[in-house]
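Take a look at the structure below.
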Amino acid sequence: MTLLAKNAAGWARLRRIMSATQLPDRVPTTSRDTLNTLAGEDLVMLLEPASAHWTTPLSPDSSLTYR
């Protein structure tokens, strides 16, 4: 999964998500709950074959754009 910022607001959201995933002594990972909380319409999610399980990662009312 790749997240792209559409604008400055998206960049701010992306930085918050990155900060939330940086856990000490662990590989950076994120959860659906984190994305539900921090993502918004200013981000675009690009999926690759290995990330097929993310095709419905967010709540139905999420505004994150999928490409």
Side-chain angles (χ1 to χ4, degrees):
M1 172 183 63
T2 301
L3 292 174
L4 301 174
K6 292 181 179 180
N7 50 37
W11 178 245
R13 289 178 183 278
L14 183 56
R15 290 184 52 135
R16 285 192 290 274
I17 291 169
M18 290 170 42
S19 293
T21 63
Q22 298 297 320
L23 302 173
D25 303 322
R26 291 188 53 197
V27 174
T29 57
T30 193
S31 68
R32 288 172 169 83
D33 289 340
T34 298
L35 287 177
N36 271 326
T37 302
L38 300 176
E41 63 186 27
D42 303 308
L43 292 175
V44 174
M45 178 188 284
L46 302 176
L47 298 175
E48 57 186 61
S51 57
H53 63 283
W54 280 94
T55 54
T56 55
L58 304 175
S59 64
D61 59 343
S62 173
S63 57
L64 185 65
T65 304
Y66 301 98
R67 302 273 183 203

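In this structure, CG in Leu35 is found 8.5 Å from CG in Leu43, a value given to the nearest 0.5 Å. In this structure, Arg15 CZ and Leu38 CG are separated by 13.5 Å, a value rounded to the nearest 0.5 Å.
Here the rule is side chain to side chain contact (heavy atoms under 4.5 Å, CB included) with Leu14, and of Leu3, Leu4, Asp42 only Leu3 fits it.
Annotation for Lys6 and Glu41: closest pair NZ-O, 3.3 Å, computed over non-hydrogen atoms. Nearest heavy atom pair, residue Gly10 against residue Ala5, reads C-CB, 3.5 Å.
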